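Written below as structure tokens is the structure these notes are about.
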Amino acid sequence: MSDHAPSAAGSAPEEALAAALPGTSDASVPGDSGAPADPAADAARTARPRRSDATRAAILAAARDRFAEDGYERATIRAIAGDAGIDPSMVMRYYGNKAGLFAAASTIEVHAPDLAHVPRDEAGVRFVRHFLEHWESDETLRGMMRVGVTNEAGAQRMREVFAEQINPVLAAVCPVPEEARARAGLIASQILGMALCRYVLRLPPTVDLSHEEIVAWLAPTIQRYLTAEHP
């Protein structure tokens with residue numbers, strides 16, 4: 001790889017700028033009390049966050065693709081940096097290590113439906129349809145599923161997503177509050193099980209099912225987990 005570690009002079013304008021402009025206040029340059037601000041320096045200071053944001057976006061996009069393609073273990077910082085067209089030291093600068101990068105790259109928003117505001121007997125259908133459409137449209141979510149089945153870091157990230165984003169939604173409609181976590185686990189077994197078979201393992205029977213067929217089969221089970229008073 002032909003990239004070299006950035007230096008403060010020339011190849012890493014962000015570091016050079018940070019050294020020259022340690023703050024963002026309007027304080028005068030030492031030794032030149034009351035001197036007006038340098039317009040060029042102000043413009044550079046304004047541009048710096050935009051460059052930083054673009055670099056981070058490029059790193060995260062490359063990381064998501066690489067983690068999905070190679071898995072967590074085989075993906076390397078050097079390969080991700082190469083895909084992003086930057087030096088590996090920049091990846092380490094922003095994210096520390098591969099684990100930190102993975103956590104940032106696997107940010108997932110499932111936008112679970114608010115079941116407390118839908119007719120009770122439609123909760124299962126609404127829930128299954130939402131997740132089916134979300135799996136189909138979100139490549140990042142499918143990519144993280146592929147990582148999750150082969151690596152503990154990926155599995156932990158998926159557990160966090162359900163704990164943070166799904167469990168509160170289910171707790172809002174669960175008729176037995178103390179059973180909410182157990183029911184959430186049962187629901188996950190259905191939703192994630194279908195996602196694994198359809199999008200990762202690509203088992204022909206599950207791939208061939210239409211959306212309506214999947215909803216028809218899964219929704220009654222999810223409905224029972226959500227709203228049944230007893231097993």
Side-chain angles (χ1 to χ4, degrees), residues 60-61 63-65 67-69 71-72 102-231:
L60 292 179
R64 291 185 183 108
D65 290 344
F67 282 131
E69 180 178 348
Y72 180 83
F102 181 85
S106 60
T107 299
I108 300 170
E109 293 292 338
V110 298
H111 304 292
D114 185 356
L115 300 179
H117 294 85
V118 303
R120 186 178 178 83
D121 60 355
E122 295 179 13
V125 169
R126 186 73 61 89
F127 193 86
V128 174
R129 193 181 302 282
H130 171 83
F131 272 91
L132 184 59
E133 293 173 352
H134 201 59
W135 284 110
E136 297 275 342
S137 63
D138 191 337
E139 172 56 33
T140 298
L141 188 59
R142 297 196 301 274
M144 289 306 106
M145 166 63 80
R146 292 194 290 272
V147 174
V149 298
T150 59
N151 179 265
E152 174 57 25
Q156 177 60 28
R157 188 69 191 98
M158 295 301 292
R159 288 193 289 269
E160 291 171 354
V161 169
F162 262 74
E164 296 167 2
Q165 301 183 43
I166 307 301
N167 289 3
V169 172
L170 305 184
V173 297
C174 181
V176 187
E178 60 269 25
E179 295 178 354
R181 290 184 70 252
R183 294 181 186 226
L186 291 169
I187 290 172
S189 72
Q190 301 296 310
I191 297 297
L192 296 182
M194 173 56 72
L196 175 65
C197 292
R198 185 175 174 90
Y199 305 116
V200 179
L201 302 179
R202 298 193 61 79
L203 296 181
T206 59
V207 173
D208 296 340
L209 288 171
S210 69
H211 282 203
E212 292 306 317
E213 288 174 316
I214 293 174
V215 171
W217 280 109
L218 285 188
T221 299
I222 299 300
Q223 180 73 36
R224 184 165 65 90
Y225 291 154
L226 286 170
T227 62
E229 294 287 342
H230 306 286

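All of these numbers come straight from a predicted model, not from anything done at the bench. For reference, positions follow the sequence shown, starting with 1.
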Next on the checklist: Looking at every heavy atom in both A123 and V118, which two are closest together, and how far apart are they?
Outcome noted: CA-CG2, 4.2 Å
Checklist entry - Would you say Y199 and M194 make side-chain contact, with heavy atoms under 4.5 Å? => result no
Checklist entry - M145 and A195: which non-hydrogen atoms are nearest, and at how many Å? => result CE-CB, 3.9 Å
Next on the checklist: Distance check, rounded to the nearest 0.5 Å: E213 atom CD versus H211 atom NE2?
Outcome noted: 11.0 Å
Checklist outcome for this item: Tightest non-hydrogen contact, residues G154 and F102, listed as CA-CZ, 3.5 Å
Checklist entry - Looking at CZ of F131 and NE2 of H111, how far apart are the two atoms once the value is rounded to the nearest 0.5 Å? => result 10.5 Å
Checklist outcome for this item: The reported gap from CG in L218 to CD1 in I187 (rounded to nearest 0.5 angstrom) is 11.5 Å
Item to check | All pairs passing side-chain hydrogen bond (donor to acceptor under 3.5 Å, both in side chains) where residues 119-131 contributes a residue, at least two apart | outcome: R129-E212
Which donor-acceptor pairs under 3.5 Å do the side chains of residues 163-177 make with protein atoms, sequence neighbours left out?
from	atom 1	to	atom 2	distance (Å)
Q165	OE1	V110	N	2.9
Q165	NE2	I108	O	2.6

Item to check | Spacing of CD1 belonging to I222 relative to CD1 belonging to I191, to within rounding of 0.5 Å | outcome: 4.5 Å
Checklist entry - Do the ring planes of F67 and Y72 sit parallel (below 30°), tilted (30 to 60°) or perpendicular (above 60°)? => result parallel
Checklist entry - Sub-3.5 Å donor-acceptor pair from the side chain of R142 to the main-chain atoms of W135, do we have one? => result yes
Checklist outcome for this item: Separation between CG (L196) and CZ (R202), nearest 0.5 Å, reads 12.5 Å
Checklist entry - With sequence neighbours left out, what residues match A155 under side chain to side chain contact (heavy atoms under 4.5 Å, CB included)? => result E152, R159
Checklist entry - Mind checking whether L209 and R198 have side chains closer than 4.5 Å, heavy atoms only? => result yes
Checklist entry - Taking the side chain as C-beta and beyond, is there a heavy-atom pair between L186 and Q190 under 4.5 Å? => result no
Checklist entry - Can you tell me if T227 and Q223 form a side-chain donor-acceptor pair at under 3.5 Å? => result yes
